[in-house]
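Single-structure report; data block below.
Proteins get letters first, then strands, A, B, ... in listed order; numbering begins at 1 in each.
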2 protein chains.
Amino acid sequence: MIDKKNMKILKILQEKARIPNAEVSRQVGLAPSAVLERIRKMENQGIIDGYEVRLNPERFSRKQVAFIEIMPQPDAHIPDLGEKLAAIADILEVHYTAGNDGFLLKVRTTDTETLGEMLQKKITTIDEVLSTRTITVLSTIKETSRITID
Amino acid sequence: MIDKKNMKILKILQEKARIPNAEVSRQVGLAPSAVLERIRKMENQGIIDGYEVRLNPERFSRKQVAFIEIMPQPDAHIPDLGEKLAAIADILEVHYTAGNDGFLLKVRTTDTETLGEMLQKKITTIDEVLSTRTITVLSTIKETSRITID
DNA sequence: GATTTCAGAAGAATGTAATTCTGTTTAAGT
DNA sequence: ACTTAAACAGAATTACATTCTTCTGAAATC
């Protein structure tokens with residue numbers, strides 16, 4: 001189902017998701033109805049997961065990026081801990097990682113101060129959390145969620 | 001410029017970016033022309049940065065997430081190294097981090113094997129790279145780029 | 001090789017939506 | 001109160017989305 005035509009459609013949507021269907025159909029050389037049918041199908045099949053607006057974090061006081069490694073208590077219930085972490089505001093990503101059997105979080109806060117507050121008030125207060133290691137980001141060269149689709 | 005009405009508009013777009021303007025105008029209680037004007041302005045002011053389609057990585061053989069810490073050579077030219085890393089396919093994020101004065105990368109590959117290939121062929125071959133430490137992700141509990149907008 | 005079947009595409013029709021423009025209202029600063 | 005600029009509504013025009021029917025071509029079946 002991911003043939004050349006769909007690839008072309010997806011590449012267009014990756015560039016600019018809020019583009020009229022009719023414009024897509026022009027660029028891929030299909031009738032609008034055909035494009036619509038293809039997009040609907042990809043949505044239903046879970047190839048397309050949704051459409052997002054990309055906001056400028058700076059304009060919303062979320063300039064500071066940081067990554068936090070979480071070492072859980074030896075007896076911690078890992079899935080529970082994962083859910084607890086995922087529910088905390090401004091924690092954008094929660095990954096369970098190999099090696100140390102811990103979590104890696106990506107967070108976005110206003111500044112290092114609010115980052116520290118989050119650590120102290122929201123994260124280290126969780127019972128299952130044994131210790132943490134924070135990597136603060138000084139500058140970001142690249143940050144996208146666009147995956148390679150060949 | 002980021003007032004209550006714009007917040008309402010942005011929240012709607014965060015949920016579902018490919019929503020008709022007319023539908024947004026209904027939900028916020030403004031005329032379609034007013035909503036359009038507000039959105040255009042936010043786009044021009046860089047509050048809205050763009051619109052993206054969210055694809056299912058699994059369907060494009062990009063299931064494996066990993067984070068890679070890069071320790072640069074002491075004499076490395078940091079900006080150059082950052083650009084080199086950012087240009088490599090399947091490296092989605094390149095952050096320059098405090099503490100070790102290194103980079104943290106987020107990558108998406110097919111599996112651990114292709115991850116290993118990338119490391120050996122694309123990353124460790126760069127002169128300025130002294131050493132690396134890879135954190136492979138076993139499972140992801142949460143992964144979003146949606147920032148909190150209060 | 002003929003025939004059947006079916007997914008995908010086109011095209012037309014209809015109902016909506018996007019966009020532009022104008023005039024009015026609102027709010028802020030003087 | 002007066003001025004100025006920004007924001008909004010409403011109408012009109014243009015374009016688009018969506019549905020439905022028909023058609024085509026490629027594979028499967030006989």
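A donor-acceptor distance shorter than 3.5 angstrom exists from the side chain of A:N6 to the backbone of A:M1, with no hydrogens or angles considered. Under a 3.5 Å cut-off, the side chain of B:R54 and the backbone N or O of A:D49 do form a donor-acceptor pair.
Considering A:D90, A:D111, A:T114 in turn, A:D90 is the only one that fulfils the side-chain hydrogen bond (donor to acceptor under 3.5 Å, both in side chains) rule with A:R62.
Read 5' to 3', the first and last nucleotides of DNA chain C with an atom closer than 4.0 Å to a heavy atom of chain B are C:dA17 to C:dT20.
Nearer to the 5' terminus of DNA chain D, by closest-nucleotide assignment, is the contact made by B:D3 (compared with the other of B:R18 and B:D3).
In summary, A:E52 and B:R18 do not engage in a salt bridge, as defined by a charged side-chain N under 4.0 Å from a carboxylate O. The existence of a salt bridge linking A:R40 and A:E37 is excluded, since no basic side-chain nitrogen approaches an acidic carboxylate oxygen closer than 4.0 Å.
Closest to the B:R38 side chain, of the nucleotides D:dA7, D:dT18, D:dA17, is D:dA7.
If you take CG of B:N44 and C1' of D:dA6, they are 15 Å apart, rounded to a whole angstrom. For the pair B:I9 CD1 and D:dA7 P, the interatomic distance rounds to 12 Å; values are reported in whole Å. In this structure, B:L36 places its CG atom 14 Å from C1' of D:dA15, rounding to the nearest Å. For the pair B:N21 CG and D:dA17 P, the computed distance is 13 Å after rounding to whole Å. Across the protein-nucleic acid pair, B:K5 atom NZ and D:dA7 atom P stand 10 Å apart, rounded to whole Å. Atom CG in B:L30 sits roughly 9 Å away from atom C1' in D:dA7 (whole-Å rounding). Atom-to-atom, CE of B:M1 to P of D:dA5 comes out at 17 Å; the value is rounded to the nearest Å.
A centroid separation of 6.0 Å or more is found between the aromatic rings of B:Y51 and A:Y51.
Other residues, nucleotides and ligands contribute at most 12 non-hydrogen atoms within 6.0 Å of the NZ atom of A:K63.
Using a 4.0 Å heavy-atom cutoff across all strands shown, B:E23 reaches no nucleic acid atom at all.
Regarding contacts with the backbone of D:dA17, every side-chain N or O of A:R40 stays at 4.0 angstrom or more from both OP1 and OP2.
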